[in-house]
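All values reported here derive from a predicted model rather than from experimental measurement. Heavy-atom basis, side chains included; hydrogens, waters and symmetry copies ignored. The sequence lines fix the lettering, A, B, ..., with proteins before strands; numbering per chain opens at 1.
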Number of protein chains: 2
Amino acid sequence: MARRNQHTKEEIQHLAIQAVETMLHQLHHEAISTRMVAKAIGYTVGTLYTVFKHQADMLLHVNARTMDRMYLHCQRGITDSNTPEHNLTLMALSYHQFALQEPNHWNLVFSLRLPENEPIPQWQQANIDQIFHLLENELTRLHPNMSQQTIQKNARILWSGVHGMTTLALNNKLFIEGITDIETLLSNLVHQLVFSWSGA
Amino acid sequence: MARRNQHTKEEIQHLAIQAVETMLHQLHHEAISTRMVAKAIGYTVGTLYTVFKHQADMLLHVNARTMDRMYLHCQRGITDSNTPEHNLTLMALSYHQFALQEPNHWNLVFSLRLPENEPIPQWQQANIDQIFHLLENELTRLHPNMSQQTIQKNARILWSGVHGMTTLALNNKLFIEGITDIETLLSNLVHQLVFSWSGA
DNA sequence: AACTTAAATTGAACACTGTTTAATATGGCT
DNA sequence: AGCCATATTAAACAGTGTTCAATTTAAGTT
């Protein structure tokens with residue numbers, strides 16, 4: 001069989017991406033093979049390689065969508081009528097919640113390894129910047145006189161904490177004898193940093 | 001060939017672990033196969049399976065040693081004659097430095113996935129606790145009247161930040177246009193949290 | 001309507017992977 | 001010298017990512 005022309009290249013790409021996304025709801029990304037995806041969309045591995053450079057390329061497309069979804073999720077509920085601290089807390093909780101809701105999608109974003117010498121795609125950096133801008137915006141509202149550079153620094157300090165807590169919690173590397181839940185810990189982190197910025 | 005009895009089971013185990021550790025200096029852990037390890041130590045895969053339950057089990061043994069090394073590294077330079085903040089900063093910098101020095105070993109610790117239903121080994125939790133105790137000790141010195149629970153909470157808040165920063169930095173997901181180096185960011189994180197704990 | 005052309009799709013191959021197990025060769029014991 | 005227990009292997013199985021020659025067919029041309 002050849003030349004059935006049922007789908008355009010773009011459609012096949014989309015089908016594959018969707019198939020991976022569906023599988024990720026049950027399977028860790030390391031358990032997803034090209035042949036599985038091909039079978040799921042009714043094509044052969046060979047066809048997949050006419051549409052993606054390699055497996056990692058396919059997963060990168062999945063990541064692009066995950067990061068978009070994550071950005072939208074983190075934005076949810078953010079308003080200028082809230083205090084900056086409240087907004088920052090909302091974002092931190094949303095980030096963590098998203099990771100809990102789609103652990104395999106989230107994991108893929110942070111553990112996908114491209115082949116050597118393959119550059120990190122530029123949209124990825126753009127997407128990271130997008131999230132940081134959200135934070136920097138709140139930090140600016142908090143301290144309008146703070147230098148741009150300090151704000152960028154503090155945004156990164158804060159987000160490292162939120163990200164680290166999410167990673168560690170997801171892998172059960174954070175807790176002893178049910179001391180507190182992570183949501184409290186996240187709120188505390190935000191509160192303590194916000195407090196420290198107002199005191200110096 | 002069989003029954004050459006050149007090494008005890010323990011020795012074979014050790015040889016394998018060492019072989020993996022050597023390879024990790026050049027290779028990412030996903031690139032290390034059982035056959036590679038077997039060949040490196042002059043045995044066959046089959047022999048490896050008489051000594052380890054499976055590949056993940058072998059890598060878990062590597063992780064045990066990495067974590068011990070990491071603990072020792074983080075302890076380096078810590079003295080009661082330093083201020084608690086200084087000690088905490090030293091630990092944060094050491095943690096990051098260790099990750100930079102042995103990125104593949106460090107990565108393996110946090111990305112090894114055991115087969116489903118396989119419990120996390122209990123020594124791993126013990127090792128995590130060990131590091132947290134180091135932190136909690138400094139936090140206690142900082143605020144002798146703080147409740148044990150608050151100290152445990154704050155140790156986890158701090159370490160999430162240090163860990164998150166290290167992870168993100170290692171994967172180039174933290175920086176824009178050379179704004180500051182991570183060492184500064186780590187020191188700032190420690191300082192800001194220490195400050196916030198003294199102000200409430 | 002027949003013929004050519006270009007390309008979509010496949011199947012099969014290659015060199016790997018982790019894991020299991022029957023066969024085997026040998027060190028130590030009687 | 002002969003036996004046995006077992007350390008070790010070779011081979012098999014079912015998968016993996018990736019490549020590419022071969023094929024089939026839709027569309028374009030005459």
Given His133(B) and Glu136(B), is the side chain to side chain donor-acceptor pair (under 3.5 Å) satisfied, shown in steps?
-> CA-CA 5 Å; His133(B) 280 325; Glu136(B) 289 164 12; 3.3 Å; yes
Counterpart residues, side chain to side chain donor-acceptor pair (under 3.5 Å), relative to Tyr49(A) (two or more places apart) =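 With sequence neighbours excluded, Tyr49(A) shows a side chain to side chain donor-acceptor pair (under 3.5 Å) to no residue whatsoever.
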Give the minimum heavy-atom separation between Pro103(B) and Leu100(B), together with the two atoms involved.
-> CD-O, 3.3 Å
Partner set under side-chain contact (heavy atoms from CB on, under 4.5 Å) for Asn172(A), not counting sequence neighbours =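 Here the qualifying residues are Ile120(B).
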Residues which pass side-chain contact (heavy atoms from CB on, under 4.5 Å) with Ile131(B), listed by chain and number, not counting sequence neighbours | Met70(B), Tyr71(B), Trp159(B)
Between residues 21-34 of chain A and DNA chain C, which residues have a heavy-atom gap below 4.0 Å?
-> none
Output the residues of residues 46-55 of chain A in contact with DNA chain C, where contact means a heavy atom of the residue under 4.0 Å from an atom of the strand; sort by number or write none.
->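 Heavy-atom contacts with DNA chain C come from Gly46(A), Thr47(A), Thr50(A).
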Contacts of Lys9(B) and Val45(A) projected onto DNA chain D by closest heavy atom; the upstream (5') one is Lys9(B)
Indicate yes or no for a side-chain donor-acceptor contact from His96(B) to the backbone of Ala92(B) under 3.5 Å, with no hydrogens or angles considered.
->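 Side chain of His96(B) to backbone of Ala92(B): no pair is present.
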Rounded to whole Å, please give me the gap between [atom1] in [X] and [atom2] in [N].
| X | N | atom1 | atom2 | answer |
| --- | --- | --- | --- | --- |
| Glu116(A) | dG17(D) | CD | P | 19 Å |
| Leu59(A) | dT16(D) | CG | P | 14 Å |
| Asn5(B) | dT6(D) | CG | C1' | 9 Å |
| Gln6(B) | dT9(D) | CD | P | 10 Å |
| Met36(A) | dT18(D) | CE | P | 16 Å |
| Asp57(B) | dT19(C) | CG | C1' | 14 Å |
| Ile12(A) | dA8(C) | CD1 | C1' | 8 Å |
| Lys39(B) | dA10(D) | NZ | P | 12 Å |

Take the angle between the ring planes of Tyr95(B) and Phe110(B) and call it parallel below 30°, perpendicular above 60°, tilted in between.
->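 It falls in the perpendicular class, over 60°.
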Evaluate the ring planes of His105(B) and His25(B), with Trp represented by its six-membered ring, and classify them as parallel (under 30°), tilted (30 to 60°) or perpendicular (over 60°).
->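 Because their plane-to-plane angle lies in the 30° to 60° range, the rings of His105(B) and His25(B) count as tilted.
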side-chain hydrogen bond (donor to acceptor under 3.5 Å, both in side chains) test vs Ser94(B) passes for just one of Gln75(B), His73(B), Arg76(B), namely Arg76(B)
Could you give the distance from CH2 (Trp123(B)) to CE (Met67(B)), rounded to the nearest 0.5 Å?
-> 6.5 Å
Rounded to the nearest 0.5 Å, how far apart are CD1 of Ile12(A) and NZ of Lys9(A)?
-> 6.5 Å
Among dT18(D), dT9(C), dA10(D), find the nucleotide with the atom closest to the side chain of Thr44(B).
->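 Side chain of Thr44(B) sits closest to dA10(D).
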Picking from dG18(C), dT9(C), dT16(D), the nucleotide nearest the side-chain atoms of Arg35(A) would be dT16(D)
Taking Watson-Crick and G-U wobble pairs with both distances under 3.5 Å, convert DNA chain C into its dot-bracket string, 5' to 3', dots for unpaired and | for cross-strand pairs.
-> ||||||||||||||||||||||||||||||
Ignoring backbone atoms, test whether Tyr43(B) places a side-chain nitrogen or oxygen under 4.0 Å from the OP1 or OP2 oxygen of dT9(D).
->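 Checking Tyr43(B) against dT9(D): no side-chain N or O falls below 4.0 Å of OP1 or OP2.
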Salt-bridge test for Glu30(B) and Arg113(A): reply yes if a basic N is under 4.0 Å from a carboxylate O, no otherwise.
->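 Salt bridge between Glu30(B) and Arg113(A), a charged N being under 4.0 Å from a carboxylate O: no.
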